[in-house]
**Q** 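Sending over a structure as structure tokens; questions will come in a sec.
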There are 2 protein chains.
Amino acid sequence: MTTGSTIDREIEARLGSAGVRYTRARRAVVGALARADGPRSASELHEDMDQGVPLSSLYRSLSVLDDAGVLEPHNSLKGLTRYELAEWLAGHHHHLVCLICGTVEDIELSAEMESRLEKVVETVTKQLSFDATGHTLEVHGRCARCV
Amino acid sequence: MTTGSTIDREIEARLGSAGVRYTRARRAVVGALARADGPRSASELHEDMDQGVPLSSLYRSLSVLDDAGVLEPHNSLKGLTRYELAEWLAGHHHHLVCLICGTVEDIELSAEMESRLEKVVETVTKQLSFDATGHTLEVHGRCARCV
DNA sequence: TTCCTTGCAAACGATTTGCATTGGA
DNA sequence: TCCAATGCAAATCGTTTGCAAGGAA
């Protein structure tokens with residue numbers, strides 16, 4: 001299935017210059033993540049994409065896509081790693097982390113709020129010996145399902 | 001050693017009302033975390049506290065302290081869980097996350113910056129079906145050692 | 001005595017890897 | 001053709017747990 005959406009073409013280019021192919025399995029992973037509303041773990045993706053892709057291959061796909069900068073890993077409850085499309089594909093966003101069930105939901109801030117936040121980050125990091133390249137605001141609490 | 005610092009006494013009370021003891025092993029964990037400048041994993045603590053305590057006991061100590069609300073788990077690179085003293089003991093702070101080596105360093109914001117940040121969080125969460133109880137700003141980049 | 005704790009080893013779940021096979025440019 | 005990609009099974013790694021022995025109240 002080569003829908004050739006914008007995202008698909010960007011990823012194809014990125015992988016191409018990394019010397020790896022954009023195979024069916026990898027497209028399926030990207031598709032599932034594009035459809036998701038938050039980070040997904042290997043086993044969650046495994047269910048989402050019912051097909052016969054074995055877990056080990058899924059892990060390999062995730063690893064390749066991660067190395068190529070297509071994905072961003074998100075470390076989740078109990079030693080689980082969840083992935084989402086990297087910011088250059090999915091846009092900059094923040095996280096609502098449910099302390100009960102561990103799910104993470106993406107949120108985007110209004111331009112106004114985002115710019116205020118960036119101002120804070122900038123001011124804070126200016127005087128540190130730390131080369132800041134990005135930020136995420138993690139809001140903790142209970143999600144709608146866990147109230 | 002029963003130094004009986006303020007923190008120790010507060011924890012002792014907390015554990016007491018949870019029906020568990022504040023044993024030597026647990027004191028050692030708290031001590032190591034109090035000395036650390038960021039979250040520590042079980043195996044990191046195992047090295048820090050060089051002697052005798054087997055990993056499984058260390059995990060159990062972490063679990064008990066976590067359940068009692070003394071620690072706060074922090075999900076780190078590659079399915080590792082790192083712990084730090086809970087905010088009511090260590091104070092509210094944020095994180096500098098090194099994308100290269102995965103270490104996390106705590107930072108405190110000035111009152112000015114913290115209040116600006118809180119304003120943003122408040123504004124954002126007000127209109128969500130998410131019961132927000134806290135927040136952490138995660139600044140990503142390269143730490144001094146990984147530049 | 002009565003629970004809480006600890007040690008040790010086995011068990012577990014998530015992730016990785018070796019190897020032989022398949023697939024795509 | 002030639003090297004990347006895949007499946008499968010076995011191996012790793014962080015973490016958990018069952019069970020018997022060791023404290024503390």
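The basis for the numbers below is simple: all heavy atoms, side chains too, and nothing from hydrogens, waters or symmetry mates. Letters A, B, ... are given to chains in the order of the sequence lines, protein chains preceding strands, and every chain is numbered from 1. Keep in mind that this is a model prediction, so the values were computed, not measured.
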**Q** Anything under 3.5 Å between a protein N or O and an N or O of nucleotides 22-25 of chain D, put it in a table, one pair a line.
**A**
| from | atom 1 | to | atom 2 | distance (Å) |
| --- | --- | --- | --- | --- |
| D/dG23 | N2 | B/R21 | NH1 | 3.2 |
| D/dG23 | N2 | B/R21 | NH2 | 3.0 |

**Q** Closer than 4.0 angstrom, basic N to acidic O: yes or no for B/E72 and B/R82?
**A** no

**Q** Distance only, no hydrogens: is a donor on one side chain within 3.5 Å (strictly under) of an acceptor on the other, for B/E108 and B/H93?
**A** no

**Q** Using atom CG of B/L58 as one end and atom P of D/dT16 as the other, report the distance to the nearest whole Å.
**A** 12 Å

**Q** Under 4.0 Å from OP1 or OP2 of D/dA5: is there any side-chain N or O of A/T23 that close?
**A** no

**Q** Would you call B/D106 and B/P39 a side-chain contact if the rule is heavy atoms closer than 4.5 Å?
**A** yes

**Q** D/dA5 P sits how many Å from A/L15 CG, rounded?
**A** 9 Å

**Q** Closer than 3.5 angstrom, by distance alone: can the side chain of A/R14 be matched with the main-chain N or O of A/A68 as a donor-acceptor pair?
**A** yes

**Q** Using a distance-only test with no angle check, is there a side-chain donor-acceptor pair under 3.5 angstrom linking A/H74 and A/E84?
**A** no

**Q** Which part of the nucleic acid, if any, lies within reach of B/V64 when heavy atoms closer than 4.0 Å are counted: base, sugar-phosphate only, or nothing?
**A** nothing

**Q** I need the CG-P distance between B/D67 and C/dT5, as an integer number of Å.
**A** 12 Å

**Q** With heavy atoms under 4.0 Å as the rule, sort B/R82 into base, sugar-phosphate or nothing.
**A** nothing

**Q** Quick one: which protein N/O atoms are closer than 3.5 Å to N/O atoms of nucleotides 12-14 of chain D? Pair and distance per line, please.
**A**
none

**Q** CG of A/L65 versus C1' of D/dA5: gap in Å, rounded?
**A** 13 Å

**Q** Between B/Y22 and A/S63, which has a closest nucleotide on DNA chain C that is more 5'?
**A** B/Y22

**Q** Can any side-chain N or O of A/S43 pair as donor or acceptor with the backbone N or O of A/H46 at less than 3.5 Å?
**A** no

**Q** Using side-chain heavy atoms (C-beta onward) and a distance below 4.5 Å, is A/L65 in contact with A/V29?
**A** yes

**Q** Given C/dT6, C/dT15, D/dG7, identify the nucleotide with an atom nearest to the side chain of A/S57.
**A** D/dG7

**Q** Between B/H135 and A/H95, do the side chains contain a donor N or O and an acceptor N or O under 3.5 Å apart?
**A** no

**Q** Could you check whether any side-chain heavy atom of A/V104 comes within less than 4.5 Å of a side-chain heavy atom of A/L96, counting everything from C-beta outward?
**A** no

**Q** Starting at atom CZ of A/R40, determine the distance to atom P of C/dA14, rounded to an integer number of angstrom.
**A** 16 Å

**Q** Between C/dG24 atom C1' and A/R26 atom CZ, what is the distance in whole Å?
**A** 12 Å

**Q** Taking all non-hydrogen atoms of both residues into account, name the closest pair between A/C143 and B/F130 and its distance.
**A** CA-CD1, 3.6 Å

**Q** Rounded to whole angstroms, how far apart are NE2 on A/H46 and P on C/dG13?
**A** 16 Å

**Q** Under 3.5 Å, is there any donor-acceptor pair linking the side chain of B/R60 to the base of D/dG18?
**A** yes

**Q** Taking only side-chain N and O atoms of B/S56, does any of them lie within less than 4.0 angstrom of OP1 or OP2 on C/dC8?
**A** no

**Q** How many Å lie between CG on B/L45 and P on D/dT15, as a whole number?
**A** 11 Å

